[in-house]
**Q** 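I'd like to ask you about the structure that follows.
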Amino acid sequence: MKYLYLVGACGSIGRQTLDIVRKSKDEFKVIGMSVGSNLELSFALIEEFKPEVVCFRKKVDAKLSYNPIIVYGDEGLDYLASYSKYENETFVNALVGISGLRPTVCAIKARKEICLANKETLVVAGDIIKDLVKEYNVPLIPIDSEHSAILQCLTGEKKNEVKRLIITASGGSFRNRTRDELIGVTKEEALAHPNWKMGAKITIDSATMMNKGFEVIEAHYLFDMPYEKIDTVLHRQSIVHSMVEFNDGTIKAEIGTSDMHTPISYALRYPSHNLSESENLNLFGLNLTFEELSMDRYPCLRYAYLAAKKGSIYLAVLNAANEAAVALFLHDKIEFLDIEKIIYNEISKDKYKNIEYNLSNVINLSKDIMNDIYNTYGGLE
Ligand code: NDP
Ligand code: MG
């Protein structure tokens with residue numbers, strides 16, 4: 001039995017994780033769960049899985065059929081991630097944004113295995129997380145489909161024989177538009193992703209291509225690979241989830257349907273391919289295309305490499321600016337093209353370079369940058 005602590009249970013990844021647990025109750029038991037602002041869904045999931053610890057976002061009058069430990073907010077997430085009672089514990093991080101960072105740190109210190117969907121954790125604090133997983137000797141298993149693919153392609157291979165990682169990108173909701181055609185696009189248009197059904201923030205990140213920038217950064221930390229050896233390619237079908245090219249010219253790819261249940265299942269059962277909840281891929285009639293992913297068309301991808309070059313603290317700056325800008329766009333406060341301008345403006349500032357890179361500094365700096373950006377554009381209300 002694996003004992004799970006799932007944060008972000010009401011979201012896209014959270015619900016798909018619970019689909020897997022629901023079908024394999026003899027394999028997984030949910031011990032801790034953090035829920036979202038949709039209280040009806042939250043109560044339904046709590047009653048169904050009956051975790052020992054429940055974290056709500058805010059104080060609520062919870063009338064439940066049993067008596068779990070109930071905690072709230074960011075401190076509650078830390079409590080849940082630190083709670084430990086069983087031998088075989090796994091922490092599944094399906095939160096969105098920098099809110100995922102502190103709980104990951106707590107879970108590592110509690111020596112839980114980490115299944116990580118929350119990509120902002122590695123973007124903001126990749127070096128810190130890498131050191132912590134080493135110090136506490138815990139596995140860090142990616143859920144993101146691209147990194148799941150790379151992990152599988154690297155299995156049994158020698159790192160010094162890897163020529164490059166090739167991360168595929170669907171192109172997001174505006175892949176058929178020129179830059180001129182991005183002027184005045186609406187939130188609804190941006191949220192209509194052609195291949196994947198995901199939470200709002202990552203869907204906007206896919207449209208700007210910041211998501212791919214984040215995935216390059218994640219890959220750098222997860223696979224200990226220099227940025228010069230991480231490339232991206234536009235692959236509209238999202239069937240090839242990513243690839244690894246070796247020195248002898250061999251390219252290994254992991255392919256399958258675009259269904260996150262598969263990489264979630266692989267992470268939870270790592271390294272087992274025994275079970276999945278997704279449909280099998282029909283190979284007949286597949287038409288797989290690969291095109292250059294232009295950094296002129298998608299400047300956010302360039303900004304990710306640029307921030308990485310400026311140093312780790314700039315990755316926290318990159319994430320904070322992006323997180324604030326995307327929230328403002330989702331609240332109709334700015335235009336779509338303002339997102340990239342806000343990000344570029346922030347990572348161009350030299351004043352951050354002297355800030356010492358440590359956990360409390362990256363958290364506080366991120367908060368300050370986000371608040372400043374919100375204030376500049378009239379807040380989120
Ligand atoms: P969603 O927005 O669907 O879900 C995120 C969940 O986290 C929501 O339930 C949300 O609560 C909760 N949450 C957000 N902030 C906080 C907070 N401060 N405290 C407590 N709970 C919070 O996101 P996704 O599931 O799409 O994505 C989760 C992560 O996984 C992201 O980092 C994303 O980039 C990554 N990812 C997602 C993929 C996907 O297919 N969806 C694919 C690969 C990676 P509320 O319900 O109140 O909003
Ligand atoms: Mg991905």
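One-based numbering, in listed order, for ligands and for the atoms of each.
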**Q** Hey, mind stepping through Glu113 and Asn88 against side-chain contact (heavy atoms from CB on, under 4.5 Å) and telling me if it holds?
**A** CA-CA 8 Å; Glu113 172 187 73; Asn88 197 6; 5.9 Å; no
**Q** Students often mix this up, so state it plainly: with edges at 30° and 60°, are the rings of Tyr3 and Tyr86 parallel, tilted or perpendicular?
**A**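 Judged by the thresholds at 30° and 60°, the geometry between Tyr3 and Tyr86 is parallel.
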**Q** So, does Glu48 use its side chain to make a donor-acceptor pair with the main chain of Ala44 at under 3.5 Å?
**A**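 No.
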**Q** Find, among atoms of Asp144 that are N, O or S, the one nearest to the Mg ion (ligand 2), and state its name.
**A**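 Nearest N/O/S atom of Asp144: OD1.
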**Q** For atom 43 (C) of ligand 1, what's the nearest protein heavy-atom neighbour? Residue, atom name and distance, please.
**A**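 For atom 43 (C) of ligand 1, the nearest protein heavy atom is Asp144 OD1, 3.1 Å.
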**Q** Would Tyr5 and Phe91 count as a close aromatic pair, with their ring centres under 6.0 Å?
**A**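 No, ring centres 6.0 Å or more apart.
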**Q** Check ligand 1 against Cys10 and write out every atom of the ligand that is under 4.0 Å from a heavy-atom position of the residue.
**A**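 With Cys10 as reference, the close atoms of ligand 1 come out as 9 (O).
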**Q** By number and element, which atoms of ligand 1 are closer than 4.0 Å to a non-hydrogen atom of Gly36?
**A**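 In order of number, 11 (O), 45 (P), 46 (O), 47 (O).
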**Q** Report the relative orientation of the aromatic rings in Phe223 and His147; use parallel for angles under 30°, tilted for 30 to 60°, perpendicular for over 60°.
**A**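 Correct class here is parallel.
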**Q** Would you tell me which option among Ser37, Gly14, Ala94 has the nearest heavy-atom contact to atom 6 (C) of ligand 1?
**A**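 Heavy atom nearest to atom 6 (C) of ligand 1 belongs to Ala94.
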**Q** Considering only heavy atoms, which of Arg57, Glu215, Met260 lies nearest to atom 10 (C) of ligand 1?
**A**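 Ranked by closest heavy atom to atom 10 (C) of ligand 1, first place is Arg57.
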**Q** Determine whether the aromatic ring centres of Phe43 and Phe56 lie less than 6.0 Å apart.
**A**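 So the answer is yes for these two rings.
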**Q** Please give the atom name: the N, O or S atom of Glu215 nearest to the Mg ion (ligand 2).
**A**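 Considering only N, O and S atoms, Glu215 comes nearest to the Mg ion (ligand 2) through OE2.
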**Q** Other residues, nucleotides and ligands only: do more than 12 of their heavy atoms fall within 6.0 Å of CG on Asn67?
**A**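 For Asn67, atom CG is not crowded (no more than 12 foreign heavy atoms under 6.0 Å).
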**Q** Could you check whether atom CG of Asp332 has more than 12 heavy atoms from other residues, nucleotides or ligands sitting under 6.0 Å from it?
**A**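 Yes - once you tally the heavy atoms of other residues, nucleotides and ligands closer than 6.0 Å, there are more than 12.
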**Q** Just wondering, more than 12 heavy atoms not from Lys25 lying within 6.0 Å of its NZ?
**A**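 Yes, because the 6.0 Å sphere around NZ of Lys25 holds more than 12 heavy atoms from other groups.
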**Q** Please list the nearest protein heavy atom to atom 36 (N) of ligand 1 with its residue and the distance rounded to 0.1 Å.
**A**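 The closest heavy atom on the protein side is Ile202 CD1, 3.6 Å.
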**Q** I want to confirm something. Looking only at heavy atoms, which of Met198, Arg15, Lys119, Glu146 is nearest to atom 34 (O) of ligand 1?
**A**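 It is Lys119 whose heavy atom sits nearest to atom 34 (O) of ligand 1.
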**Q** May I ask you to check whether Gly199 has an N/O atom sitting below 3.5 Å from an N/O atom of ligand 1?
**A**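 There is such a contact, yes.
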**Q** At a non-hydrogen distance cut-off of under 4.0 Å, which region of Ile13 contacts ligand 1 (side chain, backbone, both, or neither)?
**A**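 For Ile13, the contact with ligand 1 is made by both the backbone and the side chain.
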**Q** Distance-only, no hydrogens or angles: does the Ser173 side chain make a donor-acceptor pair with backbone N or O of His193 under 3.5 Å?
**A**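 Flag not set: sc Ser173 to bb His193 has no pair under 3.5 Å.
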**Q** What do we get for Lys201 next to ligand 1 when only non-hydrogen atoms under 4.0 Å count, side chain, backbone, both or neither?
**A**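 Contact part for Lys201 vs ligand 1: neither.
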**Q** Backbone or side chain, does any N or O of Asn211 fall under 3.5 Å from an N or O of ligand 1?
**A**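 Between Asn211 and ligand 1, no N or O pair is found under 3.5 Å apart.
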**Q** Which one of Asn38, Leu95, Thr121 has a non-hydrogen atom at the shortest distance from atom 21 (N) of ligand 1?
**A**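 Shortest heavy-atom distance from atom 21 (N) of ligand 1: Leu95.
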**Q** Below 4.0 angstrom, N of the basic side chain to O of the carboxylate: do Asp338 and Lys341 qualify?
**A**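 Yes, Asp338 and Lys341 are salt-bridged.
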**Q** Specify which N/O/S atom of Glu146 comes nearest to the Mg ion (ligand 2), by atom name.
**A**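 Of all N, O or S atoms in Glu146, the Mg ion (ligand 2) lies closest to OE1.
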**Q** Which atoms of ligand 1 have any heavy atom of Ser99 under 4.0 Å away?
**A**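 Those of ligand 1 that fall under 4.0 Å from Ser99 are 15 (N), 16 (C), 17 (C), 18 (N).
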**Q** Closest non-hydrogen protein atom to atom 32 (O) of ligand 1, residue and atom name please, with distance?
**A**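 The closest one turns out to be Glu120 OE1, 2.8 Å.
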**Q** Does an N or O from Gly11, backbone or side chain, lie closer than 3.5 Å to an N or O of ligand 1?
**A**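 Yes; at least one N/O pair falls below 3.5 Å.
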**Q** Parallel under 30°, tilted from 30 to 60°, perpendicular over 60°: which one fits the rings of Tyr266 and His273?
**A**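 Tyr266 vs His273 ring planes: parallel.
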**Q** Hey, can you tell me if His220 and Tyr227 have their rings parallel, tilted or perpendicular (30° and 60° cut-offs)?
**A**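 Because their plane-to-plane angle is under 30°, the rings of His220 and Tyr227 count as parallel.
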**Q** Report the nearest protein non-hydrogen atom to atom 30 (O) of ligand 1: residue, atom name, distance rounded to 0.1 Å.
**A**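 Here the nearest protein heavy atom works out to Ala117 O, 3.3 Å.
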**Q** Ligand 1 versus Leu77, non-hydrogen atoms closer than 4.0 Å: side chain, backbone, both, neither?
**A**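 The side chain, only.
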**Q** Given Pro142, Ser42, Ser12, Gly97, identify the one with the heavy atom nearest to atom 3 (O) of ligand 1.
**A**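 Among Pro142, Ser42, Ser12, Gly97, the closest heavy atom to atom 3 (O) of ligand 1 comes from Ser12.
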